[in-house]
Amino acid sequence: MGAALLAFAAAVPAATLIHAGRLIDGVSDTARTQQTVVVEGGKITAIEAGYRAPGAGDRVIDLRQGTLLPGLFDMHVHLSSEYNKNTEISRFKLNEADYAIDSVVYAERTLLSGFTSVRDLGDEMRETLALRNAINAGKVPGPRIIAAGKSIATTGGHADPTNGWARKFPADPTPADGVINSVEEAREAVRQRYKEGSDTIKITATGGVLSIAKSGSNPQFTEEEVRAIVSTARDYGFKVAAHAHGTEGIKRAVRGGVDTIEHGTFLDDEGIKLMKERGTWLVPTLSAGRWVYEQGMKPDYFPAIVRPKALAVGPQIQQTFAKAYKAGVKIMFGTDTGVNPHGTNGGEFRLMVEGGMPAMEAIKAATSVPAKFLDLDDRTGSIAVDKLGELVGVPGDPLSDIGVMERVVFVMKDDTVYKAP
Ligand SMILES: [Zn+2]
């Protein structure tokens with residue numbers, strides 16, 4: 001891969017012509033057939049019917065047997081870690097540098113699976129902010145990252161980095177470490193994220209599956225604390241994402257004004273009604289639900305305190321997604337990859353379609369819809385003249401076989417072809 005990448009990057013052609021058997025532009029409801037998309041200087045300069053013959057020095061990407069799509073968005077990833085059996089003990093053995101180097105590997109894997117933009121919803125040591133900066137500077141390959149930095153939690157809550165530690169370890173994290181216990185501290189934690197260079201705010205409104213704590217769904221913020229987070233976030237132009245499994249915590253987060261509910265596992269009818277009234281988005285993370293359930297079925301994979309939570313939450317996520325979609329809750333594509341392995345993000349499409357969402361709508365939920373949410377739609381999220389050449393190709397037709405979204409064969413970003421058929 002390294003050698004191929006260098007070869008592509010070294011020879012800068014006049015234009016890249018992509019011959020697409022099928023083109024899904026991310027906005028319209030129908031696909032076009034037999035199109036040429038022209039990319040020059042990193043931007044789409046023409047979209048034409050038929051296959052344009054290359055001029056001298058032009059590069060041709062032959063995707064006549066496949067489908068061209070806009071670069072994909074995953075609205076919930078964790079690029080600096082990947083859960084495994086040793087995760088808890090690794091926390092005492094790994095240094096910042098280990099996480100940083102891992103994140104470079106996972107970022108490339110994510111890009112090569114077709115995701116050219118991601119929202120990273122939580123790290124521990126600002127490593128995803130450094131990763132974002134390195135990718136933006138062209139130092140390492142990876143997706144555009146909208147990074148939360150450290151998630152904001154409460155004491156003992158999901159994303160308190162010291163849960164389960166013995167007394168002899170220092171375990172009194174502060175708002176600077178992303179742990180708050182009052183309205184004042186909530187404000188301080190948001191301002192700290194601004195100081196560190198975060199792009200968005202993530203809170204853990206309820207218990208979670210993988211933390212060393214008993215409940216996967218109890219409410220862990222007061223509504224006043226959520227409101228303080230959201231109102232302070234607005235001062236700095238931040239949107240707020242809330243991890244939330246439990247019914248009560250979801251409602252407090254929605255009433256408190258957050259923009260997205262992550263997971264939404266035990267969302268009830270009142271919660272659905274509230275989300276629709278407030279225009280709150282659901283980011284379902286079906287991939288993570290499926291993955292924790294599969295590992296939970298193995299007797300020894302998870303710590304004993306985690307296993308029952310994995311078995312309860314995992315299967316419920318997809319049922320709730322189906323219900324929420326049917327009820328008209330707004331949905332954006334997000335996986336929670338870093339729970340499930342990096343590079344498998346595309347499997348979420350199949351789970352969304354299984355949950356009742358038509359393939360074209362699932363594709364929009366991963367392209368034009370998140371681009372608009374993140375105010376990036378003037379640049380990306382659709383295939384149109386003057387948009388950036390952030391493009392992805394899959395074999396076959398995702399509208400008849402959504403599984404092809406897991407087999408990306410072409411990736412272009414920053415005028416560089418990272419993967420070609
Ligand atoms: Zn997450």
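Every number for a ligand or one of its atoms is a count from 1 in the order of the listing. Bear in mind that the values here come from a model prediction, so they are computed numbers and not experimental data. The figures here come from the full heavy-atom set of this structure, side chains too, leaving out hydrogens, waters and symmetry mates.
Taking the six-membered ring where the residue is Trp, the centroids of Phe373 and Phe73 are separated by 6.0 Å or more.
Take Val38 and apply the side-chain contact (heavy atoms from CB on, under 4.5 Å) test, not counting sequence neighbours, and it matches Ala15, Leu17, Thr36, Glu40, Thr45, Ala46, Arg52. By the side-chain contact (heavy atoms from CB on, under 4.5 Å) test, Lys139 is found to be paired with Ala134, Ala137, residues two or more places apart in sequence or in another chain being considered.
Protein N/O/S atoms found under 2.8 Å from the Zn ion (ligand 1): His76 NE2, His78 NE2, Asp336 OD1.
At distances below 3.5 Å, at least one donor-acceptor pair connects side-chain atoms of Ser215 with backbone N or O atoms of Asn218.
Side-chain atoms of Gln295 and Leu210, non-hydrogen and from C-beta on, never get closer than 4.5 Å to each other.
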Taking distance alone, no hydrogens or angles, what donor-acceptor pairs closer than 3.5 Å link side-chain atoms of residues 281-294 to residues at least two apart or in another chain?
from	atom 1	to	atom 2	distance (Å)
Thr285	OG1	His263	ND1	2.7
Ser287	OG	Glu348	OE1	2.4
Arg290	NH2	Gln318	OE1	3.1

